Structures are given as structure tokens and as C-alpha cells.
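Throughout, a chain's letter reflects where its sequence line sits, starting with A, and its residues are numbered from 1. What you are looking at is a predicted structure, and each value in this text was computed from that prediction instead of being measured.
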Protein chains: 2
Amino acid sequence: MNIGDVAALSGLPAKTIRYYEDVGLVKPLRSTNGYRTFRESDAHKLAFLGRSRALGFSIEDCRNLIALYEDEKRASAEVKDIAEQHLERIDDKIAELKEMRATLAHLVDACAGDHRPDCPILADLATKHRGEEQLKNTAL
Amino acid sequence: MNIGDVAALSGLPAKTIRYYEDVGLVKPLRSTNGYRTFRESDAHKLAFLGRSRALGFSIEDCRNLIALYEDEKRASAEVKDIAEQHLERIDDKIAELKEMRATLAHLVDACAGDHRPDCPILADLATKHRGEEQLKNTAL
DNA sequence: CTAGGGCTTCCACCAACTGGAAGGTCAAGC
DNA sequence: GCTTGACCTTCCAGTTGGTGGAAGCCCTAG
């Protein structure tokens with residue numbers, strides 16, 4: 001299989017597949033004309049990668065997940081550990097975004113959004129907030 | 001004020017402030033020794049930037065927000081428009097993360113996480129999913 | 001034999017910083 | 001007067017995960 005074929009099969013752009021080879025995630029063979037030659041196992045691995053990335057796993061996580069996938073003697077605990085850490089990162093991110101969203105939605109709501117210059121959004125951004133007092137004479 | 005002073009006041013790292021100068025967000029003066037000299041207005045602008053970035057606005061958004069902030073004849077509608085677009089991006093991101101989270105949480109739940117190799121997480125990643133059929137003979 | 005599509009490499013770019021090296025400046029203390 | 005240490009300067013490289021594009025083979029159909 002050439003790169004175009006695995007691209008179609010895995011749904012990944014050819015560019016991305018070359019990048020994955022660059023970072024050592026796949027190691028396709030080369031035919032005499034220099035073209036990459038992908039085995040079934042490579043195609044399979046690329047599909048695995050596509051799904052892992054779609055779940056937001058980092059490239060490094062993917063590397064570890066694939067290593068575990070290929071290790072028949074793995075402990076599922078190791079996989080679960082990676083997934084749980086990722087879950088935690090996702091939760092943190094969601095929490096952060098929700099807080100932004102709340103603040104922003106509140107401001108948008110308060111803004112007339114007309115021809116006049118008065119704007120609570122800008123007013124808020126221009127104002128020092130609680131907890132934002134800079135640490136000056138905090139020593140002592 | 002030197003960079004360390006505005007850094008302390010704004011809560012931004014000096015490196016970041018230099019970067020903001022690089023991209024044209026602040027234009028501090030220079031004293032004879034080559035040090036950046038920040039006016040009150042620069043410090044104020046940096047604080048504004050810090051808060052905007054904390055709400056997740058991009059640098060480009062910040063550039064526009066500051067321009068509007070400094071334009072006495074702005075229409076609040078322009079500000080609101082930027083904020084609403086950003087709100088939408090945040091909502092999209094939250095939705096995406098929530099979907100990842102749901103899938104992942106489900107998989108983590110199903111995984112024993114012990115010494116045995118059997119792992120529903122890996123099994124799922126290795127399996128083709130609905131809607132993932134690649135477009136082969138889709139033409140016609 | 002030529003046109004096209006597919007393949008190759010390499011380089012540059014995106015966001016928004018961050019780290020580090022090499023070196024100039026300044027105020028305090030001896 | 002000199003040293004020490006905290007600041008400051010610039011510049012270069014790295015981060016994450018690709019993406020876009022140029023220049024140039026390769027291969028097949030007409």
C-alpha cells in the first residue's frame with residue numbers, strides 16, 4: 001500500500017502520516033522507487049492513532065498506548081492510568097473553559113451592543129479584579 | 001518603570017511583556033541605557049491584556065479589543081461581536097471536550113485496571129467505529 | 001511522448017509563549 | 001575602586017501537532 005491508500009483507509013492526511021513516521025510512530029518499508037510501503041499492520045496502527053488522537057491523547061500518550069497495545073504481557077492498569085490522567089486533564093480544561101464561559105456570558109449579556117461606546121465588557125477588562133492585587137509588600 | 005515593575009504590577013512574566021512588544025501590543029519607551037521604560041498607560045494596557053488573555057481571547061482579539069478600548073467613538077456592538085464569537089468558540093470547545101470525556105470515562109470505567117492484559121480501552125482504540133468507514137466507492 | 005496524478009524531500013509557518021546563553025548596567029557593600 | 005548580584009538586553013531554539021508549498025522524481029494512460 002502506498003501512502004494515499006493508507007490515508008484513505010485511516011482517514012488521516014498523507015502529510016500527517018509522514019509526520020507520524022518522522023516522530024517514529026510508524027515505520028513503513030520503502031519500495032525500490034523510494035515510495036513508502038505500508039503493511040496491514042501499519043494501516044491498523046494508523047487507524048489506532050487516528051482514534052487515539054480523536055480522543056485527545058497526546059502524541060506521547062499514543063506512543064505509550066501503542067507500545068502497550070503491542071505488549072501481550074501488559075497490565076491493563078498501565079493503560080487505565082494513562083487514560084485516567086488524560087481524563088483529568090480534560091476535566092481541568094472543561095472547568096477552565098466553563099469559568100471563562102460564565103464570565104464572558106455575563107459580560108456579553110450586560111453589553112447593549114449598539115452604536116454607543118459604553119461597554120461593560122471593556123470596562124471589566126480595564127478594571128482590576130479581586131485577587132488580582134499584585135504582591136507588593138507581601139514580604140514580612 | 002522598568003520591565004520588572006510592570007511585570008509585578010500586571011502579573012505577566014517579563015518574557016511575555018517583551019513578546020507583546022514584539023507583536024506590537026505595547027510600545028514602551030527606551031531609556032538611554034537601552035532599558036524599556038513603561039508609562040502608567042503601558043502598565044494599564046498590560047493589565048488589560050492579562051485579563052483578556054485570561055478570558056481566552058487570542059492575541060489578535062486582544063489587538064482589536066485594545067483598539068476599541070482606545071477609540072472613544074467605538075460602537076459597543078463591535079466589542080460585543082468579538083466577545084460573542086469567542087463565546088461560541090468556547091462553547092464548541094467545551095462540547096468537543098465533553099464528548100471526549102464521555103467516551104473516555106466510559107472506557108476507563110470498563111477497564112479493570114489490574115495486572116491482566118485484557119483492556120477494553122485498547123480494544124476500543126483498535127476497533128473501527130460506526131461512521132468511520134472510509135469513503136471508497138462513494139463516487140457514483 | 002506527454003500530461004496527470006501520486007510520490008519524494010525540505011523548508012517555512014501557525015499560537016503564544018518559554019528557556020537559556022552571552023553579555024551590558026546599576027546600586028550596595030567592603 | 002572593585003566586586004557581587006540583581007536586573008536588564010538581544011538572539012536563538014524549542015514547545016504541540018501538524019499544514020502549505022516548492023522543486024523534483026515516478027508511473028501510467030492516451
Mind running side-chain contact (heavy atoms from CB on, under 4.5 Å) on A:Val79 and A:Tyr69 for me, showing each step along the way? CA-CA 9 Å; A:Val79 183; A:Tyr69 181 63; over 6 Å; no
Test side-chain contact (heavy atoms from CB on, under 4.5 Å) on A:Arg74 and B:Leu122 and set out the steps. CA-CA 11 Å; A:Arg74 70 182 164 253; B:Leu122 292 180; 3.5 Å; yes
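A salt bridge links A:Asp42 and A:Arg39; the closest N-O separation between the charged side-chain nitrogens and carboxylate oxygens is under 4.0 Å. Salt bridge annotation for B:Glu21-B:Arg30: present, with a cationic side-chain nitrogen under 4.0 angstrom from a carboxylate oxygen.
Side-chain N or O atoms of B:Ser76 include none that pairs as donor or acceptor with a backbone N or O of A:Cys119 at under 3.5 Å.
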Show me the side-chain donor-acceptor pairs of residues 54-63 of chain B shorter than 3.5 Å, one per line, residues at least two apart or across chains.
from	atom 1	to	atom 2	distance (Å)
B:Ser58	OG	B:Glu60	N	3.4
B:Ser58	OG	B:Asp61	N	3.0
B:Glu60	OE1	B:Arg63	NE	3.2
B:Glu60	OE2	B:Arg63	NE	3.1
B:Glu60	OE2	B:Arg63	NH2	3.0
B:Asp61	OD2	B:Arg89	NH2	2.8
B:Arg63	NH1	B:Val23	O	2.8
B:Arg63	NH2	B:Val23	O	3.2

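Whole-Å rounding puts the A:Ile3 CD1 to C:dT9 C1' distance at 12 Å. Taking atom CZ of residue A:Phe38 and atom C1' of nucleotide C:dG6, one finds them 13 Å apart after rounding to whole Å. Look at CD1 on A:Ile17: it is 15 Å from C1' on C:dT8, rounded to the nearest Å. In this structure, A:Arg18 places its CZ atom 12 Å from C1' of C:dC10, rounding to the nearest Å.
Residue B:Glu70 qualifies as enclosed at atom CD: its count of foreign heavy atoms under 6.0 Å is above 12.
Cluster membership for B:Leu107 and A:Leu68, using ILVMFWY side-chain heavy atoms within less than 4.5 angstrom, is shared.
Residue-level contact check: A:Arg36 touches the backbone only, with heavy atoms under 4.0 Å from sugar-phosphate atoms and none from bases.
The span of DNA chain D lying next to chain A, judged by atoms under 4.0 Å from heavy atoms, is bounded 5' to 3' by D:dG17 to D:dC27.
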Between protein and nucleotides 12-18 of chain C, map the contacts as a letter string: B base, S sugar-phosphate only, - none, heavy atoms under 4.0 Å, written 5' to 3'. ----BBS
